[in-house]
Amino acid sequence: MDSLDDFAAAKLAALDRGGLRRALAETARGALYVERNGRRLLSFSCNDYLNFTQNPQIKAAAIAAIERHGVGSGASRLVTGNHPLYAELEARLARLKDTEASCVFGSGFLANAGIIPALIGPDDLVLLDELSHACLWAGARLSRAGVLAYRHNDVGHAAELLRQHRGRHPRALIGTDGVFSMDGDLAPLVELGRLARQHDAWLLSDDAHGIGVVGGGRGSTFAGAAPADVPLQMGTLSKAIGGYGGYLCASRRVIDLMANRARSLIYSTGLPPATLAAAIAALDLIARDPDLVARPLAKARTFTRKAGLPEAQSPIVPIVLGSATAALAASRRLEQEGFLVVAIRPPTVPQGTARLRFAFTAGHPDAEIERLADLVRERVHA
Ligand SMILES: Cc1ncc(COP(=O)(O)O)c(C=O)c1O
């Protein structure tokens, strides 16, 4: 066992030297405030954009589902874990995203790890935005296809790569975040959709940070004047939806294929019924309350205006500080003032772009946002 522990110790020491070692910090959460290291902090580091993790109606739906159906699903969806609540949730997701069908996975990560290899194989081509989320990269690599990165949001570069490489591969897929998880900007989905059609490539958009908060709650495909042409709309139920799980919205045939080919769906236990009931209740609230849906972005824009930053495009606002140590120091300064804004460091973001990442939610008090913006202007961004 010595070589194993030696290996782990050497890796950890290297991370320490670069200011890149991470630790799991125990954090008790409410809707807005967290408790960490014995302190109560207003969190700007939760993706709970609509504060649904603590919403009384959603909690009641989950509790009722536990009382009625128990805590677990008991098996993979293809065995006996396909609870009737799945059909209701999948119908609602498909309606929201205007697709024929949808399929719910165990998580967003599991969705991308299953979707891409179900569609794409070793002879094929995957083109990813260079800032795509780790699970798009994981799915692409699991497919064993040739994987190329195009420069962030650079449709011209994606076109050039397709011109050079598309002809050598039977199938091609373009993958991108819809709302970029660490940058908060939106992908040019209309242009990417057009490019994908021209080259018979399949566009997959990861809308983890779009559903519930942009495009009137329908996500980044719907954020422009007209919906983008995105045949594979993937996302998660763990952020604005407040619970857990991932999904793909697509044509009926593609969804049927998932149940036959997506290994992360086939060989993983179905979600607990309470999680399905919570997501259904969350989607109901999103459909009924457009004002609530608009609030996280409005709050982010209040912040960017007051802090003198470029206008927020989504509820996520980054301030890139460069080194990991600078980002950690800025995070500690804000923590001293009662705010939790976790430093984001490589490899989550590229080398030299460590940052503070602010996530705004519907319930953040304006007065606190203004105090935070003042602090940022004076002490972080000065
Ligand atoms: C863009 C993006 N895609 C996918 C995921 C993974 O989703 P989940 O947390 O449901 O696994 C995340 C969240 O971490 C994300 O930010």
Side-chain angles (χ1 to χ4, degrees), residues 52 61 65 73 76-78 81-119 133 135-136 139 173 175-179 189 193 202-223 227-266 268-273 275-287 293:
F52 278 179
S73 74
S76 155
R77 293 190 61 184
L78 279 146
N82 196 37
H83 196 278
L85 288 168
Y86 268 113
E88 194 178 336
L89 176 56
E90 288 174 344
R92 281 168 202 248
L93 284 165
R95 207 177 312 135
L96 185 76
K97 299 284 188 176
D98 197 19
T99 59
E100 284 175 8
S102 91
C103 172
V104 169
F105 290 76
S107 73
F109 201 111
L110 285 172
N112 276 335
I115 296 163
I116 301 176
L119 299 171
H133 189 264
C135 60
L136 279 168
L173 180 143
T176 179
D177 289 19
V179 174
L189 290 178
W202 305 328
L203 179 59
L204 166 62
S205 163
D206 177 337
D207 204 34
H209 297 274
I211 189 171
V213 289
V214 301
R218 301 179 72 194
S220 48
T221 299
F222 303 89
D229 178 7
V230 186
L232 299 163
Q233 299 185 62
M234 170 272 162
T236 175
L237 306 172
S238 66
K239 304 191 192 299
I241 306 298
Y244 203 62
Y247 64 84
L248 175 67
C249 293
S251 69
R252 179 79 260 164
R253 286 176 182 152
V254 167
I255 295 303
D256 287 349
L257 184 64
M258 291 300 136
N260 287 274
R261 293 285 302 279
R263 295 170 71 83
S264 59
L265 180 81
I266 299 167
S268 189
T269 299
L271 284 167
T275 304
L276 305 174
I280 292 167
L283 290 174
D284 271 352
L285 290 177
I286 286 170
V293 163

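Only this structure's heavy atoms are used, side chains among them; waters, hydrogens and symmetry mates stay out.
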Exercise for the section: Could you tell me whether the side chain of Leu203 reaches within less than 4.5 Å of the side chain of Asp229, counting heavy atoms only? Expected result: no

Handout entry: Beyond-backbone contact of Pro231 with Val254, side-chain heavy atoms, under 4.5 angstrom
Key = no

Handout entry: Test item: Ser102 and Leu96 side chains (from C-beta on) under 4.5 Å apart, heavy atoms
Key = no

Handout entry: Heavy-atom side-chain proximity of Leu232 to Leu173 below 4.5 angstrom
Key = yes

Exercise for the section: Kindly give the heavy-atom pair with the smallest separation between Ile241 and Ala282, and that separation in Å. Expected result: O-CB, 3.5 Å

Fill in the blank from the handout: By salt bridge (Lys or Arg N to Asp or Glu O under 4.0 Å), Arg263 pairs with (sequence neighbours left out) none

Exercise for the section: Evaluate the criterion side-chain contact (heavy atoms from CB on, under 4.5 Å) for residue pair Leu204 and Met234; output intermediate values, then yes/no. Expected result: CA-CA 7 Å; Leu204 166 62; Met234 170 272 162; 3.6 Å; yes

Problem - Minimum side-chain heavy-atom gap Leu89-Tyr247 below 4.5 Å - result: no

Handout entry: Heavy-atom side-chain proximity of Leu119 to Met258 below 4.5 angstrom
Key = yes

Problem - Closest non-hydrogen atom pair between Phe52 and Gly242, with its separation - result: CB-CA, 4.0 Å

Completion exercise
Correct closest heavy-atom pair for Val293 and Gly212 would be CG1-O, 3.4 Å

Fill in the blank from the handout: Closest non-hydrogen contact found for Leu93 with Cys249 is O-SG, 3.6 Å

Handout entry: Nearest atoms (heavy-atom pairs only) where Cys103 meets Arg77
Key = SG-NH1, 4.3 Å

Handout entry: Close side-chain approach of Lys97 and Ile211, heavy atoms under 4.5 Å
Key = yes

Exercise for the section: State, yes or no, whether a side-chain contact exists between Val179 and Val214 at a heavy-atom distance under 4.5 Å. Expected result: yes

Fill in the blank from the handout: Nearest heavy-atom contact between Tyr86 and Gly81 is CE1-O, 3.4 Å

